[in-house]
Amino acid sequence: EALCAVGQASLQGLYNPMRTPGPFYREKGQKQAITWEQGINDFAQQIHRLQRSELNSKIIYFSRPDSGTLPALIDRFWRKIENAQQIKFDMSPINSLLEANSKLFNQREIPFYAFDKARTLVNFGADFMESWGNPVEQMAGYGVSQTFNGKAKGRSYYIPPLLSMTGTNADFHTLCQPGDELPICLSMVRLLVPDANSLTPPEKLGLLDKLVDYQPEVVSAQTGISSKTIKNLAAEIGTKGDSLVIGGGTAAADENSTRLQEAIGLLNWVAGNIGRSVVFGSGDTHRHHDLKELASTVRVMERGEVGMIIFDNVNPVYALPESSGFQKALQKVPVIINLSTIEDETSQLSTLNLPISHFLESWGDSNPRYDSYGLQQPVMSPVPGFDTIPKGDLFLKLGEILYPDDFESVDFPNYLKSAWKLIHQQQSPGVPFEQFWQNVRRSGGIYAEPKTKKVTINLKGTAFDPLKKTR
């Protein structure tokens with residue numbers, strides 16, 4: 001089995017010296033240890049009080065993007081509460097990819113990248129071996145593409161503003177200045193447009209007109225990357241659908257991140273890669289909120305309209321810049337509850353801390369894309385000395401207190417097992433459930449090949465609309 005760098009690093013959370021030992025109140029900087037019964041009852045009473053208040057204050061729950069039975073349970077709980085809002089806090093530049101695909105292909109989706117089908121990989125800074133996308137799956141595909149097939153091996157080119165571990169593993173790398181990825185990419189698009197089978201003649205003419213200022217010689221003078229290099233890269237990509245272009249990692253995150261992803265999507269389209277090495281329809285089920293919604297939430301906090309905030313293993317006080325106004329707005333929220341496993345900058349501002357168990361000590365599952373399910377089982381007993389509770393059990397207890405008619409008295413492992421009965425009916429109805437459950441526990445889940453959905457390109461409303469005049 002393989003683990004990405006993030007997964008390997010997560011082991012440190014089990015024995016982190018900053019791990020929260022148990023539930024406690026914090027008042028005027030002083031901690032007061034409490035029991036879990038006290039903490040959960042207080043959490044429930046605070047929600048009940050806000051619901052009955054005439055102030056109509058909001059409750060906001062910050063957590064990470066996720067999928068599976070546990071987030072579905074949490075959704076079910078918060079939907080019962082009026083004025084509750086969930087924010088999937090994610091500072092990775094993945095939102096620019098979602099926004100670009102929504103504009104360009106009418107699909108707000110993170111596609112499946114078939115690295116194994118790419119003879120040529122051109123990468124504008126995505127650290128796919130580290131934290132971008134699904135590193136384990138991507139490295140496996142990349143390994144296939146780099147294997148000598150009797151005639152040749154694949155080639156990989158890296159064009160970032162910063163050389164990462166991913167970049168050092170590329171066959172060729174050419175550093176560029178931050179922001180220069182966009183004109184370099186568009187110059188390659190312009191070179192490939194005349195031979196693109198995926199564009200109509202009017203689209204070709206429109207794009208050539210729109211990209212008139214991105215001729216290789218012009219871009220070379222602007223970026224310092226030779227026109228010969230740009231032309232050679234475009235020739236390597238070609239229009240046969242046997243290449244892959246990615247980009248937009250953390251090092252490339254700026255105000256033009258969405259435009260860069262649009263340019264990369266367009267380059268994959270003219271290269272014939274959509275539906276081959278870039279597959280839509282796999283249905284990434286992780287939900288992400290964009291920074292615009294986060295900024296809107298900060299404004300609501302500033303107006304004093306938020307009565308309670310819950311932080312679930314996210315640290316926005318550390319992650320967000322001071323200019324965002326988040327920490328200042330947080331001072332206007334009277335009740336701050338933190339569920340984080342580790343004490344951090346955000347938890348230090350919380351009034352009630354209820355540390356949940358580490359995921360390696362807990363049951364869970366995931367549904368990263370349609371028809372693929374992973375089952376998470378505890379790999380160890382809870383670490384001695386830490387009085388924590390699995391997140392699923394916490395929300396089941398809250399639901400049982402506040403809505404006893406809607407939430408059954410059951411622990412989360414049994415709740416999870418019941419949820420998999422529906423998956424059993426969909427995937428293996430001819431197999432007895434207990435046999436199916438044992439098989440899943442052995443294999444770790446159900447894995448299906450990504451489904452392919454045919455998409456069309458929509459140049460209207462993008463930065464490359466050929467119907468708009470260049471000047």
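We use all heavy atoms of the structure for the numbers below, so side chains are in, but hydrogens, waters and symmetry mates are not. Here the structure is a predicted model, which means the values were calculated and not measured.
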Looking at every heavy atom in both [X] and [Y], which two are closest together, and how far apart are they?
X	Y	answer
Glu345	Leu349	O-CG, 3.8 Å
Asp171	Gln146	OD2-OE1, 3.4 Å
Gly247	Asn123	CA-OD1, 4.0 Å
Leu191	Ala234	CD1-CB, 3.8 Å
Leu192	Leu267	CD1-CD1, 3.7 Å
Ser57	Val306	CB-C, 4.3 Å

Q: Please check if the distance between the ring centroids of Phe395 and Tyr61 is under 6.0 Å.
A: yes
Q) Any chance the rings of Tyr158 and Phe124 have centres within less than 6.0 Å? A) no
Are [X] and [Y] side-chain neighbours, meaning at least one heavy-atom pair lies under 4.5 Å?
X	Y	result
Ile159	His173	no
Asp365	Tyr373	no
Asp312	Phe89	no
Thr20	Ile342	no
Lys58	Thr297	no
Val219	Ile184	yes
Gln376	Ser362	yes
Pro111	Val278	yes

Using a strict cut-off of less than 4.0 Å between a Lys/Arg side-chain nitrogen and an Asp/Glu carboxylate oxygen, indicate whether [X] and [Y] qualify as a salt bridge.
X	Y	value
Lys103	Glu262	yes
Lys391	Glu361	no
Glu99	Arg108	yes

Q: Decide yes or no on salt bridge (charged side-chain N to carboxylate O under 4.0 Å, His left out) for Glu217 and Lys228, but give the supporting numbers first.
A: CA-CA 9 Å; Glu217 291 75 18; Lys228 181 180 179 181; over 6 Å; no
Would you check if the side chain of [X] reaches a backbone N or O of [Y] as a donor-acceptor pair within less than 3.5 Å?
X	Y	result
Ser220	Pro216	no
Ser67	Ser366	no
Glu109	Gly281	yes
Glu181	Gly179	yes
Ser443	Asn439	yes
Ser428	Val431	no
Ser277	Ser243	yes
Thr223	Asp180	no
Ser340	Asn313	yes
Ser198	Trp269	yes

As an exercise, state the distance from [atom1] of [X] to [atom2] of [Y], rounded to the nearest 0.5 Å.
X	Y	atom1	atom2	value
Leu266	Leu207	CG	CG	5.5 Å
Gln222	Cys176	CD	SG	11.0 Å
Gln377	Arg441	CD	CZ	5.0 Å
His358	Gln12	NE2	CD	9.0 Å

With a cut-off of 6.0 Å (strictly less than), are more than 12 heavy atoms of other residues, nucleotides or ligands near [atom1] of [X]?
X	atom1	value
Lys453	NZ	no
Gln177	CD	no
Lys153	NZ	yes
Glu449	CD	no

Q.
My understanding is that only residues two or more places apart in sequence, or in another chain, count here; which of them pass side-chain contact (heavy atoms from CB on, under 4.5 Å) with Thr346?
A.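 So Thr346 forms a side-chain contact (heavy atoms from CB on, under 4.5 Å) with Phe311, Asn315, Pro316, Val317, Asn338, Asp344.
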Q) Does Phe433 have Lys421 sitting over its ring (NZ/CZ under 6.0 Å from centre, angle to axis within 45°)? A) yes
Q: Check the pair Arg276 / Asn273 against side chain to side chain donor-acceptor pair (under 3.5 Å), numbers first and verdict last.
A: CA-CA 5 Å; Arg276 296 182 181 179; Asn273 295 333; over 6 Å; no
Q.
Please list all pairs meeting side-chain hydrogen bond (donor to acceptor under 3.5 Å, both in side chains) that have one or both residues in residues 110-119, counting only residues at least two apart or in different chains.
A.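 Non-adjacent pairs meeting side-chain hydrogen bond (donor to acceptor under 3.5 Å, both in side chains): Arg119-Asp242.
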Q) So Thr258 and Ser96, side chain to side chain donor-acceptor pair (under 3.5 Å) or not? Walk me through it. A) CA-CA 4 Å; Thr258 300; Ser96 57; 5.0 Å; no
Q: Scan side-chain atoms only and decide if Ser350 and Ser347 contain a donor-acceptor pair under the 3.5 Å cut-off.
A: no
